[in-house]
Amino acid sequence: MTLDIMMPFYGRADHFRAAVDSILAQTDPDWRLVVIDDHNPEEAPGQWLVELGDPRIRYVRHTVNVGINANFQSAIDLAEAPWLTIFGCDDVMLPGYVARIKELIDMHPEATFIHPGTRVIDENGDVTMNLVDRMKAVYRPRFHGSLELSGERMALSLTRGNWMNFPAIAWQRDAICRIGFRPNYKVVQDLALAIDLAFAGARLVVDDQVVFEYRRHSGSVSSWRAAEGSRFAEEQAFFRRLTREFSNRGWRRAARVARTHASSRINAMTRIPEAVAARNSSGLRVLVRHVLGLKVSMVAQDS
């Protein structure tokens with residue numbers, strides 16, 4: 001097998017089935033699916049998966065809920081193929097995803113991870129483009145076909161604005177196993193992994209052929225953490241750490257961008273109306289301080 005599709009699962013059964021069905025519909029059968037169930041409250045989705053009886057599918061269920069970061073690490077640890085995708089349990093692969101990833105592997109033999117073309121869908125599967133995704137489009141590199149990024153150029157691009165859709169990315173297993181996820185992050189773990197790979201000399205290939213649908217909905221972990229402010233406390237601490245790490249490597253342009261983290265602060269500004277509407281005073285304080293560039297810390301959400 002060329003590609004292991006690793007699916008950490010905790011969420012809606014209908015989205016989960018749509019995600020699995022999209023894998024079964026791939027034009028290239030060179031894949032294996034491993035679902036890692038993070039002790040989802042409902043066991044029916046896992047039972048449905050097992051009853052499919054497809055030998056290419058493996059189902060693993062944690063005895064307790066271990067959390068998103070640990071479950072992502074489990075996805076890496078259980079992978080066996082040369083390449084893997086940590087696929088979202090509510091996302092959709094278009095039929096040509098596996099075939100296109102394999103083409104890009106052949107076209108870019110030195111690639112460490114590959115970001116194919118994506119589009120965004122909402123809870124109902126309709127194509128959408130909210131403010132967050134419009135901003136990602138602004139920060140995404142301009143090119144036609146495919147593009148390779150590495151070193152400070154890659155770090156600078158991603159730090160200026162994290163334009164990646166993490167579940168769409170295919171990763172070289174050996175490289176990602178050596179690096180792994182930084183512990184204790186719940187929001188920026190994908191960006192941290194990409195930056196650590198840049199430090200290690202990795203090459204990122206970006207492609208413009210759309211083969212993946214990334215689902216954006218208000219119930220996601222990242223959306224909830226943004227509205228109540230904890231996302232930005234984590235982001236600020238991460239960018240301050242990155243500033244030091246970039247400076248130590250002599251990556252001055254990347255260090256300047258990390259120091260200002262303008263895209264994160266702009267995103268926080270757009271979340272202020274939500275915090276006001278929810279009367280979440282602690283979350284509002286975090287958002288305002290982050291927008292102003294003042295130090296923030298994790299705070300409990302108002303009851």
Any heavy-atom pair between the side chains of [Y] and [X] that's under 4.5 Å?
X      : Y      : result
Tyr97  : Ile5   : no
Trp171 : Leu193 : yes
Arg289 : Phe232 : no

Would you compute the distance between atom [atom1] of [X] and atom [atom2] of [Y] and round it to the nearest 0.5 angstrom?
X      : Y      : atom1 : atom2 : value
Met6   : Ile36  : CE    : CD1   : 4.5 Å
Arg140 : Thr118 : CZ    : OG1   : 5.5 Å
Ile121 : Met129 : CD1   : CE    : 13.0 Å
Ile179 : Phe199 : CD1   : CZ    : 10.5 Å
Thr159 : Leu191 : OG1   : CG    : 6.0 Å
Arg216 : Thr128 : CZ    : OG1   : 9.5 Å

In short, ring-ring contact (aromatic ring centres under 6.0 Å, His included) pairs touching residues 264-287 with sequence neighbours left out are none
With sequence neighbours left out, the residues meeting salt bridge (charged side-chain N to carboxylate O under 4.0 Å, His left out) with Asp77 are none
Contacts of Asp38 meeting salt bridge (charged side-chain N to carboxylate O under 4.0 Å, His left out) (sequence neighbours excluded), chain-then-number -> none
Which residues pass the side chain to side chain donor-acceptor pair (under 3.5 Å) test with [X], not counting sequence neighbours?
X      : answer
Asp122 : none
Tyr59  : Asp37
Glu213 : Arg119

Tell me whether Asp207 contacts the main-chain N or O of Gly117 through its side chain, where contact means a donor paired with an acceptor under 3.5 Å. no
Any donor-acceptor N/O pair, His115 side chain to Asn165 backbone, under 3.5 Å: yes
What salt bridge (charged side-chain N to carboxylate O under 4.0 Å, His left out) pairs are there with at least one residue in [range], not counting sequence neighbours?
range            : answer
residues 11-29   : Arg12-Asp14, Asp28-Lys102
residues 156-178 : none
residues 236-253 : Arg182-Glu245, Arg241-Glu245

Problem - Distance-minimising heavy-atom pair for Pro167 and Gly88 - result: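 Shortest heavy-atom separation between Pro167 and Gly88 comes out as CB-N, 3.4 Å.
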* Would you sort out whether His290 and Ser264 count as a side chain to side chain contact (heavy atoms under 4.5 Å, CB included), showing the intermediate values? => CA-CA 9 Å; His290 186 56; Ser264 176; 2.8 Å; yes
The complete set of side-chain hydrogen bond (donor to acceptor under 3.5 Å, both in side chains) pairs with one or both residues in residues 144-157, sequence neighbours excluded, reads His108-Ser146, His108-Glu148, Glu148-Arg203, Ser157-Trp163
- Message: Within a 6.0 Å radius of atom CG on Asp106, are there more than 12 heavy atoms belonging to other residues, nucleotides or ligands?
- Response: yes
Residues passing the ring-ring contact (aromatic ring centres under 6.0 Å, His included) test with Tyr10, sequence neighbours excluded, are none
(request) Evaluate the ring-ring contact (aromatic ring centres under 6.0 Å, His included) criterion for residues Phe87 and Phe9: first the C-alpha distance (whole Å), next the side-chain angles of each, then the deciding distance (0.1 Å), finally the verdict. (result) CA-CA 9 Å; Phe87 181 41; Phe9 170 56; over 10 Å; no
Requested in this report: Might you work through the salt bridge (charged side-chain N to carboxylate O under 4.0 Å, His left out) test for Arg215 and Asp91, ending with a clear yes or no?
Outcome: CA-CA 5 Å; Arg215 195 182 301 274; Asp91 298 318; 5.6 Å; no
Going by chain and number, the hydrophobic cluster around Val257 (ILVMFWY, side chain to side chain under 4.5 Å) further includes Leu156
Given the options Glu234, Arg265, His261, Phe239 meets side chain to side chain contact (heavy atoms under 4.5 Å, CB included) only with His261
